[in-house]
Amino acid sequence: MSTRNAEIATLFERMAELTELLGGNRFKVNAFEKVARVLRELGPEVDEMSDAELVALEGVGKGAVERIRQYCDHGRIDDHDELAAQVPGGVLEVMHVPGIGPKTARLFWQEAGVESIADLKAKLASGELAELKGFGPKKLANIGKSLAFAESAGDRRHLGTAWTLARRFLDVLEPMPQVRQSAYAGSLRRGRETIGDVDLLVAADAAETAAIFDAFCGHDAVEDVLLRGDTKSSVRTDAGMQVDLRVVDPRSFGAALLYFTGSKEHNVRLRERARERGMTLNEYALAKLQDDGSAGAVVERETEEAIYAALGLAWIPPELREDRGEIALAAKGKLPDLVELEDVRCELHAHTTASDGKLSIRELAERAVARGFHTIAVTDHSRSQVQANGLDADRLRAHVEAVREVAAEMAGEIAILTGTEVDILADGSLDYDDDLLELCDVVVASPHAALAQDPKKATARLLKAIAHPKVKIIGHPTGRLINRREGLHPDVEALAEAAAEHDVALEINANHWRLDLRDVHVRTAVAKGAKLAIDCDVHGAGDFDMLRYGVMTARRGGATKRDVVNCMTRKRLAKWLGLSAP
DNA sequence: GCCGTTTTCGGCCCGACTGTTTTCAGTCG
């Protein structure tokens, strides 16, 4: 995501929220949200695009282009400022509290003078809000709880946190005799980098739901039961995340899985498509649409595949369900054949106790063998990474020798490659001289410091590293840490073009704190024909399990196994690295 | 505000749960 596009997207999001809060046209709200979403996922900067190119984007009309240009020229959008002038700044934050929507936020503000979270807390405590019509003790108590939870939990959680939490619940639910099928859905199934709530789905007979909800609400992880109905329940957990469970009739599992996987925007498209074909889609079934507008005979409901097929579409992998054009591709049978976890056959970015890893060379290699990998590269940190015990020239030479010894001992089991994760210094030069890099089979070059550089410098820095003849992989190219550090904002199109030209792979660092490249960058890389490397950046034994998050991110970007160097055979990989045959 | 196999107006997806309701609005996903 480029900074300029993100800034404008934020303004459109705020226009949507303000319009909603002020009771404006809800379709206008949707339209603003849609523009924001398009901008967030846009590869090129808006100032590099023509008006015609912008208006060709689905969801972007003339009005949006005018506002975008206004921001580019003057750094502000009049409509936004006019809306914002009508509402005190803190009211939007009040609206973000779970359980408070636009109507309630407006009522609190206009009838009770709540203009901030602080006001809300004070007036909850004083009992002033209880005098408002329609607000009994339970509603207010729930708002109080939401406030406390939001403060302790903070933002959306990492993909890895959500996946682990989902597993904890499914490990209890799956073995239950009443449970016919179970799955995680929502943004977790789509592999988004951050997850709001975990959505779980279970198929069971209606008569047997009580036992399932008992097990769910009584799970060790549960701190608070938010709601419990006949078909759905929500809880807050010790992981600081909410988990929702839906129990559906086994015959409707496919329709429900489709529905609860989302995205919301993808679902809207599907339902529109159903309508165009005289059908209606909900979480129970795809059904014929009757004259009175109600759902008639069921067309399909048991599997996602059948429902997509009935809509004239190939099954769409969850990671692509973001309304980014995947439905048109599915209609033409042109969906990419996405890379899968099992396609990944090697790890090319791993650390040992020589720098800041927890495993010895041999332990690292044994773990890689256990995963069925044909190759592992030992890439410890370079000298500038003092806090990570980076290797100076003498230590690197000794370490390379040590790696070669273990490689010889384990030659029958796995190929162990010498390597380094060499720092890309602020000016784009590398942290080791070329003669040292020559010792390495694999050179991963990564930025670790000067991560607040301006985009032009960052781009030049990374381009210089890509052009270096020994570099084969650019590690975590932006250096961002999700929810913690922005990292660099390079021109990813330019990087991808250069990477393709020099036959260098851009890494998708699979660590769930990083996911760097991120999904939209992957999309750009794939479009430009650049190779990708999905690496776990292994520091400890458990890190190999991060691979699934990297693969999900690659899939979200539309990567196939032909795009990913870790999917090569041992022989092809050696050839790509310029090594003599293994 | 956006969009078009019904193109420049008139639509724009669907349902569960809660609280405070005498029949439903608000929120959420």
Side-chain angles (χ1 to χ4, degrees), chain A residues 12 15-16 19-21 23-38 54-68 77 79 83 95-108 130 132-143 145-146 185-190 195-201 209 213 225-234 242-248 252 255-256 258-287 289 293-295 323 331:
Chain A
F12 272 89
M15 284 194 284
T19 304
E20 198 179 18
L21 186 82
N25 182 323
R26 68 192 172 96
F27 298 110
K28 195 166 164 179
V29 174
N30 286 345
F32 283 144
E33 284 173 349
K34 170 86 189 182
V35 173
R37 215 157 44 81
V38 169
L54 283 172
V55 96
L57 298 168
E58 175 154 354
V60 178
K62 272 175 61 183
V65 174
E66 273 174 34
R67 293 178 173 92
I68 290 168
I77 298 176
D79 286 341
L83 285 167
M95 190 171 91
H96 292 154
V97 174
I100 297 184
K103 300 279 167 59
T104 304
R106 183 155 64 138
L107 186 80
F108 281 3
L132 293 171
K133 201 178 166 198
F135 285 85
K138 283 196 176 176
K139 249 187 191 176
L140 294 175
N142 282 339
I143 291 172
K145 276 193 197 172
S146 287
S187 51
L188 173 57
R189 184 164 178 240
R190 302 201 309 280
I195 309 294
D197 302 330
V198 171
D199 294 304
L200 302 178
L201 187 64
T209 58
F213 283 122
V225 176
L226 294 173
L227 61 88
R228 179 174 167 164
D230 293 334
T231 64
K232 73 176 277 189
S233 177
S234 294
Q242 185 175 320
V243 180
D244 299 339
L245 171 69
R246 296 288 291 239
V247 180
V248 300
S252 286
L258 181 61
Y259 182 83
F260 292 112
T261 297
S263 63
K264 193 177 155 203
E265 293 78 13
H266 179 84
N267 287 348
V268 168
R269 292 282 172 223
L270 288 183
R271 291 196 288 263
E272 284 171 357
R273 191 175 175 93
R275 291 236 152 208
E276 289 164 13
R277 285 163 174 70
M279 297 181 279
T280 178
L281 179 63
N282 60 26
E283 63 256 59
Y284 302 109
L286 177 67
L289 190 62
S294 65
D323 189 25

Atom-pair distance ([atom1] on [X]; [atom2] on [N]), nearest Å:
X	N	atom1	atom2	value
Asn30(A)	dG11(B)	CG	C1'	13 Å
Asn25(A)	dG10(B)	CG	C1'	12 Å
Glu276(A)	dG11(B)	CD	P	16 Å
His266(A)	dC14(B)	NE2	C1'	15 Å
Lys264(A)	dC12(B)	NZ	C1'	13 Å
Arg273(A)	dC12(B)	CZ	P	18 Å
Leu200(A)	dG29(B)	CG	C1'	14 Å
Glu265(A)	dC14(B)	CD	P	16 Å

Checklist line | Opposite nucleotide pairing with dT8(B), Watson-Crick or G-U, both atom distances under 3.5 Å | finding: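 Because no pair has both required distances under 3.5 Å, dT8(B) counts as unpaired.
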Contact class for [X] (heavy atom, under 4.0 Å): base, sugar-phosphate, or nothing?
X	answer
Ala274(A)	nothing
Arg106(A)	nothing
Ser234(A)	nothing
Leu270(A)	nothing

Identify all pairs in which a protein N or O lies below 3.5 Å from an N or O of nucleotides 3-9 of chain B, and state each distance.
| from | atom 1 | to | atom 2 | distance (Å) |
| --- | --- | --- | --- | --- |
| dC3(B) | OP1 | Gly59(A) | N | 2.5 |

Item checked: Residue from Glu265(A), His266(A), Glu272(A) passing side chain to side chain contact (heavy atoms under 4.5 Å, CB included) with Arg269(A) ->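 Among Glu265(A), His266(A), Glu272(A), the one meeting side chain to side chain contact (heavy atoms under 4.5 Å, CB included) with Arg269(A) is Glu272(A).
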In whole Å, what separates the [atom1] atom of [N] from that of [M]?
N	M	atom1	result
dT21(B)	dT27(B)	P	16 Å
dT20(B)	dC12(B)	P	34 Å
dT6(B)	dC2(B)	P	23 Å
dC3(B)	dT8(B)	C1'	10 Å
dT22(B)	dG15(B)	C1'	23 Å
dC28(B)	dT23(B)	P	25 Å
dT5(B)	dG1(B)	C1'	24 Å

Checklist line | Sequence-aligned protein contact record of nucleotides 15-24 of chain B, with B where the base is within under 4.0 Å of a protein heavy atom and S where only the sugar-phosphate is | finding: SSSSSS----
With a 4.0 Å cut-off on N to O distance, would you call [X] and [Y] a salt bridge?
X	Y	value
Arg273(A)	Glu276(A)	no
Asp323(A)	Lys34(A)	yes
Lys264(A)	Glu33(A)	no

Margin query: Pick the closest DNA chain B nucleotide for Phe260(A) and for Arg275(A) by heavy atoms, then say which residue is nearer the 5' end.
Written below: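 On the 5' side of the pair lies Arg275(A).
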Check: Closer to the 5' end of DNA chain B via nearest nucleotide, is it Ala64(A) or Leu281(A)?
Finding: Ala64(A)
How many angstroms lie between atom [atom1] of [X] and atom [atom2] of [Y], to the nearest 0.5 angstrom?
X	Y	atom1	atom2	answer
Asp79(A)	Phe32(A)	CG	CZ	6.5 Å
Glu20(A)	Asn30(A)	CD	CG	8.5 Å
Asp199(A)	Leu245(A)	CG	CG	10.0 Å
Leu132(A)	Phe108(A)	CG	CZ	6.5 Å

Checklist line | Closest to side chain of Phe32(A), choosing from dG26(B), dC2(B), dG1(B) | finding: dG1(B)
Next item on the list: Please tell me which of the listed nucleotides, dG29(B), dT27(B), dC2(B), lies nearest to the side chain of Asp244(A)?
Entry: dG29(B)
Notebook entry, point to check: So do the side chains of Met95(A) and Pro102(A) get within less than 4.5 Å of each other, counting heavy atoms only?
Noted result: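 Yes - at least one pair of side-chain heavy atoms lies under 4.5 Å apart.
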Check: So do the side chains of Phe135(A) and Leu107(A) get within less than 4.5 Å of each other, counting heavy atoms only?
Finding: yes
Next item on the list: For residues Leu227(A) and Ser233(A), report the shortest heavy-atom separation together with the two atoms involved.
Entry: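 What the structure gives for the nearest pair is O-OG, 2.9 Å.
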